[in-house]
Structure formats: C-alpha cells, structure tokens
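What follows is one structure encoded as structure tokens, with my remarks underneath.
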Amino acid sequence: MKIEVLTLFPDMFSAVMSESMMWKARERGLLDFQVHNIRDYAENKQRKVDDSPYGGGGGMILKADVLARAIEAVKPDDDAPVILLSPQGRVLTHRVAAELSQQPHLILVCGHYEGVDERARQVAISDEISIGDYVLTGGELAALVLIDAVVRLIPGVLGAEGAQHRDSHADGLLEGPHYTRPPEFRGLGVPAVLTSGHHAEVDRWRRRQALKRTWERRPDLLETAPLSEEDRAYLARLRGEAEA
C-alpha cells in the first residue's frame, strides 16, 4: 500500500512512522509512506497558505488554490481516495479501516487553522473522515490514527497470523480478557480453562467473555454484531442473572 500525507507539519509524522509496526511495515516493503509539505505548493515568496475568511469571523482558512495544487501534484491518474481528516467526516470504525486497507493508494489531507476553503473540498477531496466527535488543532494526529488502524490490517504487517481478526470490533464485539505468566499475581489466578489444553473449550470461553464484556460495556454493539443462537442464549442468561 502507498499512503501519502499532505500537511503543514511534516515533522509530526517522523517519530511515529519510524517505530513499532509502522516501521516494520515499511521495512518489509508492505507500506510506501510519503509526506508532502502543503507550503511547498504556495506560489508567493512568503509561502502563504491561508487567508482570513470572507464574511469575517475568527481564524484563518486554508486556501483552495494552494491545497488543490498540492493534491493534484501528488495524485496520479487513478482512483486513489483523497481523504480530508475532518470532524465533519464519517466516523472512523473498524469497518471503515478494513475498507480503506483494500485500497492500493491513499492520499490523506491534514487541515489546519479554522478550516479548509469549501471549494477545495468540492474539486479535490473525495472523502472526509473523523476520528471522533471532538476537534483537534489539526488533522495530523487524526491522520496518524487512521494510518495505524489501516496499516495493521494489511496482511503480513502483524507478527501473529490473523491477530487483526481477533481484535475488539473485528467481529462486532469487544475482546475478552487476556492472561499470561505468572500463573498467580497478587492472589489472582488464571481461569482454569486457559490451561486445560482443550482448544474447543478455550474458544467457547473466549467467545462468551467477549459477549459478556460487550454486554457490560458497549451493549449498543450487540444490535449489529453477527450472533449465533448459542450467543443469543448466553446473552439471555446474562440478562436473567442481572435481573434476578
């Protein structure tokens, strides 16, 4: 996959993209990552990229001509999505990340200041994504969140085969609890089923723990999660025990 980022602050990406799984993805040739400075596409001596809004009001607006020029300079003649990180966009979910991970090329645009000239959205942006219902100073941190969520879904990036399919939200549920050594910690042990060697029982226990945790913490997810009859029976039992 190739991911290109347009930003006014390219140094913000250096550390994160050189560590952990992002670095491994690049080292393994699974990710081609490039950052472009929007300011390089300003055509004035001051490299000015913003201006005050028509109609008055506070803040500065990222200029349509500069931003469109930057996007068109890096966008090839293909259908690569051009995504503006924006609190007005569709919310980033696991499903959206999985959708984007199938794309061979993504172009991410990091807004800044008060916002982006609407005409740039109309002529050069194909999608807008938000990482939550709050506002950040700029789109850089949001872009990093999106990149991490997408890249880890590329086959070969994670060390454990299929690990991304066991994550919270991958199957519509939250993950259940995990345990590792030591076998006892401050009086707390490990569920016996996890050391039984009975793989079918371990899988059943993990499924039920995921259902229980989702029911306790994010019951809204159960409305759309794919559930079997056994899952529904277990959830009904949990509800009955809670009401007793």
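One distance of note links CD of Gln34 with CG of Leu6; it measures 10.5 Å at 0.5 Å rounding. Taking CG of Leu100 as the start and CD1 of Ile129 as the end, the distance is 4.5 Å to the nearest 0.5 Å. With rounding to the nearest 0.5 angstrom, the CG atom of Leu173 is 12.5 Å from the CD atom of Gln209.
Using a 4.0 Å cut-off between charged nitrogen and carboxylate oxygen, Arg47 and Asp40 count as a salt-bridge pair. A salt bridge does not link Lys75 to Glu4: none of the charged side-chain nitrogens sits closer than 4.0 Å to a carboxylate oxygen. Ion pairing of Arg208 with Asp231 is absent here, as no side-chain N (NZ or NE/NH1/NH2) approaches a carboxylate O to less than 4.0 Å. By the 4.0 Å N-to-carboxylate-O rule, Glu201 lies too far from Arg206 to be salt-bridged with it. With respect to Arg95 and Glu99, no salt bridge is recorded, no charged nitrogen being found less than 4.0 Å from a carboxylate O.
Other members of the cluster containing Val202 are Tyr179, Val190, Val193, Leu194, Trp205, with ILVMFWY side chains joined at under 4.5 Å, either directly or via other members.
In this structure, the side chains of Leu67 and Asp117 stay at 4.5 Å or more apart for every pair of heavy atoms. Residues Phe33 and Val5 form a side-chain contact, since some pair of their non-hydrogen atoms from C-beta on lies under 4.5 Å apart.
Across all non-hydrogen atoms, the minimal contact from Val157 to Arg28 is O-NH1, 2.7 Å.
Scanning for salt bridge (Lys or Arg N to Asp or Glu O under 4.0 Å) contacts around Glu118 gives Arg121, with sequence neighbours left out. His36 is linked by a ring-ring contact (aromatic ring centres under 6.0 Å, His included) to nothing, counting only residues two or more places apart in sequence or in another chain.
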